[in-house]
Number of protein chains: 2
Amino acid sequence: MDFRILRRMGHFLAVAEEGHFGRAAARLGVSQPPLTAQIQALEAELGVRLLERTRKGARPTREGQALLPILRRLAEEAKQVESLARELRAGRHAPMAMACVTSALFDYLPPLVRGLRAAAPDSALAVREMDTADAVEALRRGEVDFALARLDRDRPPLRVMPLGSDALVAAMPEGHALLDEAGPLPLAALAGEALVLLPRSISPAYFDRQVSACREAGFEPVAMREVGSAMAQLAFVAAGLGVALVSSGMAVLRPPGVAFRALAGPVGSVGVALVWNGERETEAARAAIAAARGAFPAAGDAA
Amino acid sequence: MDFRILRRMGHFLAVAEEGHFGRAAARLGVSQPPLTAQIQALEAELGVRLLERTRKGARPTREGQALLPILRRLAEEAKQVESLARELRAGRHAPMAMACVTSALFDYLPPLVRGLRAAAPDSALAVREMDTADAVEALRRGEVDFALARLDRDRPPLRVMPLGSDALVAAMPEGHALLDEAGPLPLAALAGEALVLLPRSISPAYFDRQVSACREAGFEPVAMREVGSAMAQLAFVAAGLGVALVSSGMAVLRPPGVAFRALAGPVGSVGVALVWNGERETEAARAAIAAARGAFPAAGDAA
DNA sequence: TCGCTTCGATACGAAAATCCTATCGCCCTT
DNA sequence: AAGGGCGATAGGATTTTCGTATCGAAGCGA
């Protein structure tokens, strides 16, 4: 992946926003002819025409318009790279906080928080809800002291203390035909259904477990759409746009329009674990380890 | 924005992922010495050491680790740009991107999504769950086409179409003494309770409505702790660490450990609205406006 | 109708950035 | 002690990006 294309995308953004090559060139600090050449190179590389040149300037084509939202996100994140680099230069430290995946908010988080509070009543604790992938990054970055996330083994430098096992359950729109039969559902019954999946990048182990469970049941999961969060996943199910495999931790929420059904077997999934950065074992992380041992006696020992 | 530095960051990302300058060079299609030089130039420019060189290769420093997640996102999104360009080349439509607050996921989002799907069955829709403050920024930046958020009036350039009114309800830990009495709860009954609040920055209008409601009931709300998301707010209530005022949209979730009680009055709150950027009224936004009018006939007219 | 202006595009050489190969220094293993 | 593997240094070559000059097309005003 040649990040050089990102620069040209920035050029295109500038032209699209100015509607004029000359003004965009002035904004970018170059002259107009090389800007024209860079835009042409980008169009050649992407294989689409991005700008319609008119007598009065340039405006995005339909394809150019369609790309603008994601290019704006890219530009915003490029700014974040810059500001993060400045923070790193300044040696900034992150405040004490924890991350928690949505599906653990109501089963694992309350006992852990109560345990922490019993040990240190005056301590402030900030909880940031995020998915496993973001939690891993936040731990590595030092933005949080520990996390409740779905990991099944150490990922150096991250240490993982599993707190319990978990099972996948099927989430279906209420009134779905498969709900007519009582009892646990064989996974193969979902073979022809549209699945609402979270992207693999959020939690690869979790995603792969779902895919392998489907394959063991004899079908390839067909991802009809991807959503960005666990809650949005259930919202799509509620809207009648597909079914989902979710952890039993999500089923405790009972959102309207969604019916949960256990799977025959049952089908194991990656459970929730306490996770912390072994290279940065803060006092808060140590307190969380102690509180987790108290709240979840069956939890595995830290390796 | 100096995009040129991004190219070197792409080089850094390759080395960090390979753990080896030689293999990273091969992946990037260059030889090892210029790659070393590019990384050194990047480190000099940032004033931060990104890689620790060892006898067996290289691994990211702490500062380097902190950069990796956002660089990976950039790389991923650059790939998404390329794949979206391919789809556009093939004549397919761009996906719609929308933002949705958590409390609207299960009441307002499903009918809207069904309406959009009825109008354009082949269009993809990406839903990003976020709070009102983030939704406003994403709309301003042109990162999403429209949003479901808690706003009560236009905020130029943002246009607001209220979809319904809303009321605050009290969220209390199960077993709370105030639950002994049946029927709506006078807000003054919460005067001595610890409140779990969302930061004002998330939705100032929503926050101010809560504070003013408490003042009208004769007491100042005492914020014992702040959390980062609506779901985490309920999780703290479930943990027994306070009570919360939440929109009735959150009450439909019925998370374990939390009991909801209507408030006497009742106490109005800022409702959910369809929001879009009036300066960038995309086709997707127009489709959402039409779908909202269909799904919520009582919705206010766009001004 | 004609001349002027404005827009982006082409051409060519200059400047800057990035690359190549050859080789080095260091450290570990055999 | 010798060899191998790692990243670093050095010097020149190549590629990329740029600026300037100029062009072609099209619209506008006299």
Side-chain angles (χ1 to χ4, degrees), chain A residues 1-65 75 78 81-82 85, chain B residues 1-65 67-68 71 75 78:
Chain A
M1 156 57 32
D2 185 356
F3 275 18
R4 196 182 307 173
I5 198 173
L6 296 178
R7 182 157 187 261
R8 288 174 177 155
M9 289 174 183
H11 288 6
F12 164 61
L13 255 184
V15 178
E17 285 171 1
E18 293 284 349
H20 190 278
F21 276 77
R23 291 198 299 269
R27 188 209 277 188
L28 294 165
V30 299
S31 48
Q32 174 263 318
L35 177 56
T36 290
Q38 293 279 26
I39 299 298
Q40 287 172 340
L42 178 62
E43 285 175 326
E45 186 164 356
L46 292 179
V48 292
R49 192 172 169 77
L50 298 171
L51 290 160
E52 180 178 343
R53 284 76 160 167
T54 70
R55 164 70 177 76
K56 294 177 176 180
R59 60 187 176 82
T61 58
R62 185 187 71 87
E63 293 85 355
Q65 278 287 0
V81 170
E82 226 181 16
Chain B
M1 156 55 19
D2 181 11
F3 281 86
R4 196 167 311 187
I5 198 173
L6 288 179
R7 179 147 193 268
R8 288 174 173 162
M9 293 219 179
H11 289 5
F12 161 63
L13 177 59
V15 179
E17 286 177 350
E18 293 285 348
H20 190 277
F21 277 76
R23 291 198 300 268
R27 186 210 276 188
L28 293 166
V30 300
S31 51
Q32 174 263 320
L35 178 56
T36 292
Q38 292 278 27
I39 299 298
Q40 289 174 339
L42 177 60
E43 286 174 328
E45 184 163 356
L46 293 183
V48 174
R49 193 171 168 79
L50 298 174
L51 289 162
E52 179 178 342
R53 282 77 161 168
T54 71
R55 162 71 177 76
K56 295 179 175 177
R59 61 187 178 86
T61 59
R62 251 166 148 51
E63 292 85 356
Q65 282 283 6
L67 275 172
L68 287 179
L71 294 180

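All values derive from a computational prediction rather than experimental measurement. So that the names make sense, note that chain A is the first sequence line, chain B the second, and so on, each numbered from 1.
Between D:dA8 and B:Arg53, a contact under 4.0 Å exists linking OP1 or OP2 to a side-chain N or O.
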For a side-chain contact (heavy atoms from CB on, under 4.5 Å) check, start with the C-alpha distance between B:Leu6 and A:Arg7, then their side-chain angles and the critical distance, and finish with the verdict. CA-CA 8 Å; B:Leu6 288 179; A:Arg7 182 157 187 261; over 6 Å; no
If you apply the rule side-chain contact (heavy atoms from CB on, under 4.5 Å), what do you find for B:Leu42 with B:His11, and how did you get there?
CA-CA 9 Å; B:Leu42 177 60; B:His11 289 5; over 6 Å; no
Q. Going through the checks in order, is the side-chain contact (heavy atoms from CB on, under 4.5 Å) test met by B:Ile39 and B:Arg53?
A. CA-CA 12 Å; B:Ile39 299 298; B:Arg53 282 77 161 168; 3.8 Å; yes
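Atom-to-atom, CD1 of A:Ile39 to P of C:dC7 comes out at 17 Å; the value is rounded to the nearest Å. Distance CG (A:Leu51) to P (C:dC7): 15 Å, rounded to an integer number of Å. The CD atom of B:Glu52 sits 14 Å away from the C1' atom of D:dC6 (whole-angstrom rounding). Rounded to an integer number of Å, the gap from CZ of B:Arg59 to P of D:dC6 is 17 Å. For A:Leu42 and D:dT17, the CG to C1' distance is 15 Å, given to the nearest whole Å.
In plain terms, the two heavy atoms of B:Pro60 and B:Ala16 that are nearest each other are CG-CB, 3.9 Å. Heavy-atom minimum distance, B:Leu35 versus B:Phe21: CD2-O, 3.4 Å.
For the pair A:Thr61/A:Val48, no side-chain contact is recorded, criterion being any heavy-atom separation below 4.5 Å from C-beta on. Inter-residue side-chain proximity for A:Met9 and A:Leu50 is flagged as unmet; no heavy-atom pair is nearer than 4.5 Å.
Shown here is A:Arg27, whose CZ atom has more than 12 heavy atoms of other residues, nucleotides or ligands within 6.0 Å. The environment of CZ in B:Arg59 is sparse: at most 12 heavy-atom neighbours from other residues, nucleotides or ligands sit within 6.0 Å.
Look at A:Arg49 and A:Glu43 and you find no salt bridge, because none of the NZ, NE, NH1 or NH2 atoms lies under 4.0 Å from a carboxylate O.
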Please write out each protein N/O paired with an N/O of nucleotides 13-21 of chain C under 3.5 Å, distance rounded to 0.1 Å.
unit_1 : atom_1 : unit_2  : atom_2 : d
C:dT18 : OP2    : B:Arg8  : NH2    : 2.9
C:dT18 : O5'    : B:Gln38 : NE2    : 3.1
C:dC19 : OP1    : B:Arg7  : NH2    : 3.4
C:dC19 : OP2    : B:Gln38 : NE2    : 3.1
C:dC20 : OP1    : B:Ser31 : N      : 3.4
C:dC20 : OP2    : B:Ser31 : N      : 2.5
C:dC20 : OP2    : B:Ser31 : OG     : 2.4
C:dC20 : O5'    : B:Ser31 : OG     : 3.4

What does the list of N/O pairs under 3.5 Å between the protein and nucleotides 26-30 of chain D look like, with a distance for each?
unit_1 : atom_1 : unit_2  : atom_2 : d
D:dA26 : N3     : A:Arg55 : NE     : 3.4
D:dG27 : O4'    : A:Arg55 : NE     : 3.2

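Note that the two end axes of the helix from C:dT1-D:dA30 to C:dT30-D:dA1 enclose an angle of 20°, each drawn from 5 base pairs, rounded to 10 degrees.
Expressed to the nearest 0.5 Å, how far CG of B:Leu51 lies from CZ of B:Phe12 amounts to 5.0 Å.
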